Amino acid sequence: MTGSRRSFLKMWAAAPALGLAPRAHALERSSFDPWVEVRPDHLRHNVAQIHRRVGARPILAVIKNNGYGLGVAAAAQAIESEPAIAGFAVVKLHEAATLRDAGVRKPVLCMGPLGESDLADAVALDIQPMVYTPVGAALERIAARRGRPVPIHVCVDTGIGRVGVPHREAAPLLRDLAGRRGVTIAGTMMTFTEDPDFDREQLRRFQALCDQLTAEGVSLGRRHAASSFALFQTEGSFLDMVRPGMAIYGVYSEPPFRTLDLMDLRPAVALRARVAYVKQLRPGDSAGYNRAYLAKEDVWVATLPVGHADGLPRLAAKGGRVRINGQLFPIVATVSASHCIVELGPERRVSIGDVATLFDWEDGSRPEDLAAGFGGSVYDLLMHLDPLLPRRILSLTSR
Ligand SMILES: Cc1ncc(COP(=O)(O)O)c(C=O)c1O
């Protein structure tokens with residue numbers, strides 16, 4: 001953060017919609033507890049970068065898994081007013097409902113499996129289901145009750161083998177759904193395997209299907225496929241709308257993408273905690289379970305009250321680094337449920353209470369940097385953040 005800008009807390013939000021019972025006392029948490037910071041300005045910057053990259057096509061923002069750790073409502077609220085944002089995609093129905101409870105009005109696509117009663121619940125909240133089985137009759141019943149057609153997205157499996165109607169069997173299902181008065185196909189979608197060669201074949205299959213049906217007059221809505229990977233790799237895949245997640249949060253999903261200069265992505269999330277304890281180990285002293293770390297000489301170590309139960313991967317002790325007072329220090333020993341230990345070296349360079357950054361938006365401590373240190377995935381870093389950690393939504397204004 002530069003000196004010309006002032007950071008202040010707009011909101012200290014305990015994880016919303018988690019059904020926590022109201023407390024009879026004011027005590028909420030220790031000032032040492034880890035917390036997550038969210039930068040709405042970076043989210044909006046990343047949306048603009050993506051929009052430019054995809055030739056101003058609309059963006060269906062993937063905010064599943066608690067908004068990639070930022071908080072599903074916080075992520076949506078930060079970008080909903082951007083004209084580039086066509087809507088939001090989640091997997092769990094409860095996240096879709098949380099968005100509506102939070103006042104989000106743009107279309108919400110639920111990509112998780114839904115039975116008939118779930119479908120009715122979803123539609124009642126104006127949530128668009130992703131479908132790939134013969135649910136036309138069920139949708140007709142729901143449409144009849146609400147008095148208007150149900151907008152849906154149809155998922156076609158072109159090779160990922162996960163969900164979606166297999167591409168060879170997709171035409172009859174799409175014709176059936178499109179032909180029903182109670183159904184509006186708002187979108188037709190597929191997911192890439194992210195194997196660059198096979199992605200091209202998947203795209204060819206999808207386009208062949210869409211072209212054939214469009215020629216027959218079947219209305220497919222917006223065709224969409226491109227996740228963050230495709231934004232960098234597969235230009236022909238942008239279709240009518242793109243569907244990225246990680247890029248919106250400002251994180252390059254693959255290390256080589258960082259140097260391609262195609263988009264300037266700024267991480268919109270940070271994980272921080274305060275140093276809980278600092279001590280000097282003598283030669284032969286150990287740290288961590290199983291004595292994972294053995295001091296060879298006098299060395300200072302600091303204990304951070306953040307561990308794998310908070311979302312810091314256990315593997316982070318195998319090369320991850322943490323920033324304290326502007327300097328990067330290695331995580332050593334083991335990451336236990338609520339603690340990790342960093343090696344400070346021969347001097348006592350930090351004090352109890354100093355802020356430690358596990359990751360943020362600074363070069364050297366971006367999520368990509370921490371993940372690269374221990375050979376991990378940025379998806380694990382963001383998506384495994386404990387939803388109960390407090391989310392501080394930062395508002396940055398010029399002085
Ligand atoms: C169906 C689907 N579309 C889009 C995305 C967004 O992917 P990414 O975060 O890599 O952009 C995901 C996330 O895994 C997904 O499951």
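In each ligand, atom 1 is the first atom listed, and ligand 1 is the first ligand listed. Keep in mind that this is a model prediction, so the values were computed, not measured.
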Discussion item. Applying a heavy-atom cut-off of 4.0 Å, say which part of Phe229 lies close to ligand 1: side chain, backbone, both or neither.
Written reply: neither

Fill in: Geometric N/O contact Val62 with ligand 1, under 3.5 angstrom
no

Worksheet entry | Numbered atoms and elements of ligand 1 in range of Tyr68, under 4.0 angstrom, heavy atoms | 6 (C), 7 (O), 8 (P), 9 (O), 13 (C)

Worksheet item: Can you tell me how far CG of Leu328 sits from CG of Asp369, rounded to the nearest 0.5 angstrom?
Response: 8.0 Å

Fill in: Region of Met111 engaging ligand 1 - heavy atom pairs below 4.0 Å
side chain

Item to complete: Taking the side chain as every heavy atom from C-beta outward, state whether Leu312 and Leu304 have any atom pair closer than 4.5 Å.
Response: no

Item to complete: Return yes when Ser253 approaches ligand 1 closer than 4.0 angstrom through a heavy atom, no otherwise.
Response: no

Worksheet item: Under 30°, 30 to 60°, or over 60°: which ring-plane class applies to Tyr68 and Tyr379, parallel, tilted or perpendicular?
Response: tilted

Practice prompt. Distance to 0.1 Å, residue and atom name: give those for the protein heavy atom nearest to atom 7 (O) of ligand 1.
Written response: Ser227 CB, 3.5 Å

Practice prompt. Please could you name the atoms of ligand 1 that Thr191 approaches to less than 4.0 Å, counting only its heavy atoms?
Written response: 1 (C)

Worksheet item: Any side-chain heavy atom of Met189 sitting closer than 4.5 Å to one from Met111?
Response: yes

Discussion item. Can you confirm if the aromatic rings of Phe229 and Phe257 lie within a centre distance of less than 6.0 Å?
Written reply: yes

Practice prompt. Examine distances only and state if a side-chain atom of Asp240 and a backbone atom of Arg222 form a donor-acceptor pair shorter than 3.5 Å.
Written response: no

Worksheet item: Considering only the protein, which heavy-atom contact is closest to atom 11 (O) of ligand 1, and what is its distance?
Response: Ser228 OG, 2.5 Å

Worksheet entry | Short N or O distance, Glu194 and ligand 1, threshold 3.5 Å exclusive | no

Worksheet entry | Proximal ligand 1 atoms for Gly245, defined as those under 4.0 Å from one of its heavy atoms | 6 (C), 8 (P), 9 (O), 11 (O)

Fill in: Nearest non-hydrogen protein atom, atom 3 (N) of ligand 1
Arg243 NE, 2.9 Å

Discussion item. What I want to know is whether Met246 and ligand 1 share at least one N or O pair that is separated by under 3.5 angstrom.
Written reply: yes

Worksheet item: Does NZ or CZ of Arg39 fall inside the cone over Trp361's six-membered ring, less than 6.0 Å from its centre and within 45° of the axis?
Response: yes

Response to the item:
With heavy atoms and a 4.0 Å threshold, my read on which part of Arg162 contacts ligand 1 is side chain

Discussion item. Would Tyr379 count as being in polar contact with ligand 1, using the rule that some N or O on each side must be under 3.5 angstrom apart?
Written reply: yes

Fill in: Subset of ligand 1 atoms that lie under 4.0 Å from at least one heavy atom of Pro244
11 (O)

Practice prompt. May I ask you to check whether Arg291 and Ser286 show a side-chain donor-acceptor distance below 3.5 Å?
Written response: yes

Item to complete: Just say parallel, tilted or perpendicular for the rings of Phe232 and Tyr252, cut-offs at 30° and 60°.
Response: tilted

Worksheet item: For atom NZ of Lys106, is the number of surrounding heavy atoms from other residues, nucleotides or ligands below 6.0 Å larger than 12?
Response: yes

Worksheet item: What is the nearest protein non-hydrogen atom to atom 15 (C) of ligand 1, stated with its residue, atom name and distance?
Response: Lys64 NZ, 3.7 Å

